[in-house]
There are 2 protein chains.
Amino acid sequence: MANKTIEDYLKAIYQVDVDQDGAGTTELAERLGIAPASVTGMLKKLAAQDLVTYTRYQGVGLTNAGRAIALDVLRRHRLAERYLADVLGLPWDRVHDEAEEWEHVLSDDVAARMDAALGWPSTDPHGEPIPSARGDVPPLADTPLARLRPRHTARVARVSSEDAEFLRYLGSMGIYPHVALTVLTIAPFGGPLTIEVSGQCHAIGQGVAERIFVVDISPLPAAEEPA
Amino acid sequence: MANKTIEDYLKAIYQVDVDQDGAGTTELAERLGIAPASVTGMLKKLAAQDLVTYTRYQGVGLTNAGRAIALDVLRRHRLAERYLADVLGLPWDRVHDEAEEWEHVLSDDVAARMDAALGWPSTDPHGEPIPSARGDVPPLADTPLARLRPRHTARVARVSSEDAEFLRYLGSMGIYPHVALTVLTIAPFGGPLTIEVSGQCHAIGQGVAERIFVVDISPLPAAEEPA
DNA sequence: GATAATTATTAGGCTCTCCTAAATAATTGA
DNA sequence: TCAATTATTTAGGAGAGCCTAATAATTATC
């Protein structure tokens with residue numbers, strides 16, 4: 001495998017690049033906690049190793065080789081998170097930081113054993129999909145809670161955050177993957193939405209609702225929604 | 001905690017220093033797979049941080065602070081080995097290399113959880129004692145198999161080696177911690193000894209017998225042995 | 001107790017990965 | 001379109017941790 005630094009870069013590029021097309025130097029720098037100038041230098045190096053495609057001022061993308069490594073790291077990371085949570089009982093707001101180290105250290109064999117011990121799970125404790133050993137990632141079929149209409153009920157699919165405090169906040173409301181919730185009201189002009197989670201009502205901000213991804217499970221799918 | 005490099009140095013110093021008094025530069029260099037000149041430089045740095053006592057041309061020793069870190073690393077290492085073997089089913093000849101990485105990565109909390117999951121084991125899969133979280137190491141009460149007299153039966157306490165091939169060799173004879181064996185003959189002039197392990201006889205070299213530590217469990221302790 | 005052999009240290013350098021400051025390209029908006 | 005802003009890159013440099021070659025101290029040997 002590559003070294004820790006390279007793995008971190010490739011993973012970051014993958015994650016920035018997932019939705020967008022091509023990752024920007026500054027965004028990468030922020031994610032990695034590194035100065036933009038330093039990132040430029042490293043990108044040249046990664047390009048020389050054919051792990052990324054890099055054109056000055058144009059951003060980076062992963063080559064197949066680079067993507068393979070990135071997915072491998074991501075797989076280890078999420079597998080480790082799941083393991084730490086399910087087997088060692090670590091709370092979900094602490095698994096990320098720990099896994100950040102484990103991802104660089106797990107051998108293929110140990111990762112495979114952890115995978116088997118867990119029963120080949122498909123997601124990490126935050127609901128993020130665990131890439132397969134072959135590097136396949138199931139497509140996501142969820143939408144941000146913020147996009148749900150009032151009266152709709154949905155199941156939490158995943159929570160897109162690594163911030164421990166944020167995760168504890170969600171936990172305090174009982175919001176975890178697989179939990180069902182219902183949108184009661186949505187205040188206009190980017191105002192808060194009120195939701196019901198396991199019998200309790202909460203008001204949450206738009207920003208929060210943007211990071212919670214759900215799958216609508218309302219009984220009346222199409223008719224309910226006027227075009 | 002300290003960084004990986006420092007942890008490795010301190011652990012190496014501890015291990016070289018356990019039996020002997022003060023570790024030599026060359027021996028450390030060999031253990032670390034580094035040139036002696038490089039070790040000298042690092043020792044100065046460690047001394048400046050009050051982790052070791054170092055005098056030019058005189059060797060190094062650990063300070064209390066240094067020993068605390070060394071024991072901490074050793075604890076993580078051996079705990080990881082035990083975990084890898086008992087929980088994840090890794091064969092004993094593979095746990096060392098893996099643990100060499102884990103030791104730098106396990107948080108206190110995770111180590112404690114692993115410890116509890118294992119039922120607070122006292123040794124690693126090779127029989128080496130696991131230092132307590134407070135840094136206590138139980139004194140060893142074993143002797144090299146090579147020092148046993150013929151006819152004596154002993155129980156394997158630990159195997160002092162990290163070499164995978166060597167461990168597989170021992171495994172092929174059924175030699176593991178807790179296993180009982182009997183010395184049948186010892187050839188003179190550093191010749192081989194023949195031993196019986198679970199009904200099977202084997203001839204092993206002196207060098208091998210030096211690395212297997214046992215506790216004598218023969219029925220007749222004192223009378224059998226003429227002064 | 002002098003010389004040879006061993007062991008350890010200094011000197012000078014290299015690579016990796018990061019930094020800041022300055023320069024340049026790209027983008028935005030007036 | 002041109003100026004201002006923002007994003008990115010170049011230039012020059014620093015610290016960590018390693019290296020080899022040369023030198024110095026210690027230990028062993030006669």
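Throughout, protein chains are lettered first and strands after them, A, B, ... in sequence-line order, and every chain is numbered starting at 1.
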How does each nucleotide of nucleotides 15-23 of chain C score, in 5' to 3' order, for protein heavy atoms under 4.0 Å: base (B), sugar-phosphate only (S), or none (-)?
-SSSBBB--
How many Å lie between [atom1] on [X] and [atom2] on [N], as a whole number?
X: A:Lys4; N: D:dA16; atom1: NZ; atom2: C1'; answer: 16 Å
X: B:Leu43; N: C:dT7; atom1: CG; atom2: P; answer: 17 Å
X: B:Asp8; N: D:dG17; atom1: CG; atom2: P; answer: 11 Å
X: A:Glu27; N: D:dT8; atom1: CD; atom2: C1'; answer: 14 Å
X: B:Leu46; N: D:dC18; atom1: CG; atom2: C1'; answer: 15 Å

Please tell me if A:Arg56 has a side-chain N or O lying less than 4.0 Å from either OP1 or OP2 of D:dT10.
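For D:dT10, OP1 or OP2 has a side-chain N or O of A:Arg56 closer than 4.0 Å.
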Side-chain N or O of A:Lys44 versus OP1/OP2 of D:dT9: is the shortest distance under 4.0 Å?
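No, no such contact exists.
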Under the rule for side-chain hydrogen bond (donor to acceptor under 3.5 Å, both in side chains), what residues qualify as partners of A:Tyr9, not counting sequence neighbours?
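By the side-chain hydrogen bond (donor to acceptor under 3.5 Å, both in side chains) rule, A:Tyr9 matches no residue at all.
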List for me each residue that meets side-chain hydrogen bond (donor to acceptor under 3.5 Å, both in side chains) alongside B:Thr25, sequence neighbours excluded, and say none if there are none.
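Scan of B:Thr25 (side-chain hydrogen bond (donor to acceptor under 3.5 Å, both in side chains), adjacent residues dropped) gives none.
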Taking side-chain contact (heavy atoms from CB on, under 4.5 Å) as the test, write out the residues that go with A:His104, two or more places apart.
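If we apply the side-chain contact (heavy atoms from CB on, under 4.5 Å) test to A:His104, skipping adjacent residues, the hits are A:Lys4, A:Glu7, A:Asp8.
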Can any side-chain N or O of A:Arg158 pair as donor or acceptor with the backbone N or O of A:Glu128 at less than 3.5 Å?
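The answer is no, because no donor-acceptor pair under 3.5 Å joins these two groups.
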Using residues 205-216 of chain A as the side-chain source, report each donor-acceptor pair under 3.5 Å to any protein atom, sequence neighbours left out, with the distance given to one decimal.
residue  : atom : partner  : partner atom : Å
A:Arg211 : NE   : A:Ser160 : O            : 3.1
A:Arg211 : NH2  : A:Ser160 : O            : 3.2
A:Asp216 : OD1  : A:Ser218 : N            : 2.8
A:Asp216 : OD1  : A:Ser218 : OG           : 2.6
A:Asp216 : OD2  : A:His152 : ND1          : 2.6

Indicate, with a heavy-atom threshold strictly under 4.0 Å, whether B:Thr26 touches base, sugar-phosphate, or nothing.
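Sugar-phosphate: the residue B:Thr26, judged by heavy atoms under 4.0 Å, touches backbone atoms but no base.
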Hey, does B:Thr25 reach any base, or is it just sugar-phosphate, or nothing, if we go heavy atoms under 4.0 Å?
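The answer is sugar-phosphate, as B:Thr25 gets under 4.0 Å only of primed atoms, P, OP1 or OP2.
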Using distance only, find each side-chain donor-acceptor pair of residues 32-45 of chain A under 3.5 Å and give its atom names and separation, not counting sequence neighbours.
residue : atom : partner : partner atom : Å
A:Thr40 : OG1  : A:Pro36 : O            : 3.4

